[in-house]
> 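Provided herewith is a single structure, encoded as structure tokens, for subsequent inquiry.
Reminder, nothing fancy here: chain letters follow the sequence lines and each chain counts from 1.
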Amino acid sequence: MRWSSYYLFTTREVPADAEVVSHRLMVRAGMIRKEAAGIYSYLPFGWRSLQKLSAIVRRELDAAGAIELHMPVVHDADLWRESGRWRAYGKELLRVRDRHERDFCLGPTHEEVVTDIVRRDIRSYRQLPTNLYQIQVKFRDEIRPRFGLMRGREFIMKDAYSFDVDEAGLDAAYDQMDLAYQRIFTACQLDFSRVEADTGAIGGSSSHEFMVLADTGESQVVSCRECGYGANVERAETQPLAAPAAEPPAERQQVSTPSCTSVAEVAELLGVGPERVVKTLLYETSDGPVAVLIRGDREINQTKLANHLDLPEVALAGEALVRSVSGAEVGFAGPVGLPDTVRLIADESVRGLTNVVCGANVTDAHLTGVNWGRDVDLAEFTDLLLVTGGDACPRCGSELTLSRGIEVGHIFKLGSKYSEPMGCNYTDEQGQERPMMMGCYGLGIGRTIAAAIEQNHDDSGIIWPLPLAPFTALVTPLTNRDDAVVAAAEGVYHDLQSHGVDVLLDDRDERPGVKFNDADLVGIPVRVVIGSKSLADGKVEISLRRGGDKELVPVDGAAERVLELIRPPGA
RNA sequence: CGGGGCGUAGCUCAGCCUGGUAGAGCGCACGGUUCGGGACCGUGAGGCCGGAGGUUCAAAUCCUCUCGCCCCGACCA
């Protein structure tokens with residue numbers, strides 16, 4: 001491709017609305033253009049990168065036995081009514097009407113459609129298992145799209161759906177997809193982590209997320225260097241916390257703690273460690289108020305709480321509710337003397353504590369010397385702890401590290417969640433009709449590209465991992481006025497093309513500085529620079545975008561050297 | 001949905017408080033000088049000041065309403 005006739009326009013100015021580096025660089029490098037909030041055009045240069053990733057995804061999924069198809073963007077509402085999600089999905093589902101006033105929606109995911117397809121075609125266990133996938137546009141009317149391709153409303157996703165006769169089959173399909181995902185992200189040369197994920201409302205027995213590690217990631221994960229355990233913090237567990245030494249029960253006393261609404265303030269005023277203070281947090285749920293106890297130095301994991309209560313979500317109670325339930329201002333609630341209507345749940349971290357400090361349900365007062373059993377009956381203990389860096393690995397006890405990640409893939413075991421209500425059944429060997437066991441497997445194509453840039457850039461621009469680079473090599477003649485330079489550049493360009501290399505020739509009539517800066521910005525991995533000076537010695541300059549030194553090679557050997565540099569290791 | 005901010009040239013922004021001739025830099029076009037890390041000089045094109053209503057002799061500027069966009073919290077690939 002010749003840059004002078006290609007559609008690639010870089011900008012020096014940083015777009016005002018781009019916050020994160022991948023977004024800024026993608027806009028500056030002419031990869032994407034925003035059309036509306038969370039909706040982008042993929043410009044030719046960016047589209048090439050998505051195509052490179054799509055090809056890798058197809059290769060690995062095909063190898064894993066999945067079969068590509070393509071489903072519609074617009075879905076008949078009746079299908080969604082069948083699964084129950086027409087009501088349940090909420091505002092994220094963009095609903096539209098056609099000219100006959102018939103309801104449709106833009107597909108945010110395709111369980112309904114794929115289940116409808118499969119239930120019509122597959123009747124017998126002999127036709128199973130199967131695994132269908134597509135790479136396609138999704139639409140989710142996100143509350144807050146942001147960060148360019150990282151969280152769009154319209155985005156490109158690979159989604160796969162497996163259908164099996166039983167749990168064992170599902171397990172096998174799941175493991176295969178798991179492996180395929182690991183191969184995909186490895187092939188992309190991304191630093192990723194596979195972690196246990198919360199299954200939440202979807203339920204099911206297992207779920208894993210694939211995280212590209214980056215500081216700008218919106219998800220937090222903990223991982224263990226020793227044994228390889230990794231989990232989204234929503235899901236993460238740890239070993240029981242070391243409890244402070246038990247003491248003989250002391251007398252319960254109410255003490256004055258004016259304006260001390262935080263654990264730190266109370267602990268300091270009373271001269272005790274925060275692990276001897278117990279926080280009481282009040283939540284407002286559709287089933288009424290819930291009080292949750294947790295050790296003062298730790299935080300509650302709201303996802304675990306919601307799962308425990310079997311609710312889609314929970315929210316901290318507002319000030320008014322806190323006052324009416326506890327009888328005190330926010331900051332002084334405690335378990336002693338709460339109304340019976342409040343469900344009291346304790347995190348495991350408070351189980352062995354003695355002589356604790358907690359709110360007195362009186363403004364500006366706390367209780368000391370509180371003991372379970374004598375002062376309060378705690379019947380409901382469960383794990384609600386938000387795990388953090390430094391906690392002990394639940395498997396091996398080593399220290400966990402906390403890091404941020406971008407969720408680029410998520411795999412689920414769905415079981416019969418969709419097959420049952422939608423009647424996606426098959427006949428087994430005994431002639432019995434049974435629901436198929438399903439799994440679903442998502443991979444964000446655009447988001448993975450954004451994540452790759454988050455992980456691979458410097459102050460000057462993108463540093464593409466070779467497999468995702470829009471072009472593999474860039475040939476840059478430094479001037480168009482020296483015939484020898486132009487001829488040499490054309491020669492290298494054609495050599496590389498004839499070897500099937502994706503090569504871009506910067507034949508624009510620009511000054512060298514402009515070409516160098518653009519080259520850094522667009523980040524093509526291998527660069528061949530041809531200038532009058534080195535060419536006088538019959539040499540051209542080859543360098544890698546990723547920090548490599550320049551090397552001078554004879555013009556004739558330039559293409560060969562480039563081929564060496566891009567050859568995958570071991571090939 | 002709550003909280004904060006912004007809509008002026010293709011892009012990044014000034015002007016608005018205190019109403020009176022539409023501005024800069026970059027980019028673009030033309031001419032000249034330059035040519036190994038975003039050159040310089042000159043000339044020029046380019047605007048319904050997001051939209052609607054109002055106040056006023058006069059509105060980018062003041063008021064009301066709207067639409068869009070961005071950032072911070074609950075969702076997800």
> Under 4.0 Å between any heavy atoms, over every strand shown, what does A:Val514 touch: base, sugar-phosphate, or nothing? Just pick one.
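Base contact.
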> Is there any protein nitrogen or oxygen under 3.5 Å from a nitrogen or oxygen in nucleotides 11-15 of chain B, and what are the pairs?
from  : atom 1 : to      : atom 2 : distance (Å)
B:U12 : OP1    : A:Ala16 : N      : 3.1
B:U12 : O4'    : A:Glu13 : OE1    : 3.4

> Report yes if a donor N or O on one partner sits less than 3.5 Å from an acceptor N or O on the other, where the partners are the side chain of A:Arg447 and the base of B:C76; otherwise report no.
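Indeed there is one.
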> So what's B:C69 paired with, Watson-Crick or G-U wobble, going by both distances under 3.5 Å?
B:G5
> Could you check whether A:Phe210 and A:His208 have their ring centres less than 6.0 Å apart?
no
> Under 4.0 angstrom, heavy atoms only, what part of the nucleic acid is A:Lys34 near: base, sugar-phosphate, or nothing?
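It contacts sugar-phosphate atoms only.
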> Return the set of residues passing side-chain hydrogen bond (donor to acceptor under 3.5 Å, both in side chains) with A:Asp175 (not counting sequence neighbours), or none when no residue passes.
none
> So, does the side chain of A:Glu510 form a donor-acceptor pair with the base of B:G37 at under 3.5 Å?
no
> If you go through the side-chain atoms of A:Arg151, does one of them form a donor-acceptor pair with the base of B:C75 closer than 3.5 Å?
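Such a pair exists between side chain and base.
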> Classify A:Gly531 by what it touches in the nucleic acid, base, sugar-phosphate, or nothing, heavy-atom distance under 4.0 Å.
base
> Go ahead and name the base partner of B:U43; Watson-Crick or wobble counts if both distances stay under 3.5 Å, otherwise write none.
B:A29
> Only counting residues at least two apart or in another chain, list the ones meeting side-chain hydrogen bond (donor to acceptor under 3.5 Å, both in side chains) with A:Thr479.
A:Arg481
> Would you mind classifying the nucleic acid contact of A:Asp518 as base, sugar-phosphate or nothing, using non-hydrogen atoms under 4.0 angstrom?
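Result for A:Asp518 = base.
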> Could you tell me how far apart A:Arg144 (CZ) and B:C71 (C1') are, to the nearest whole angstrom?
6 Å
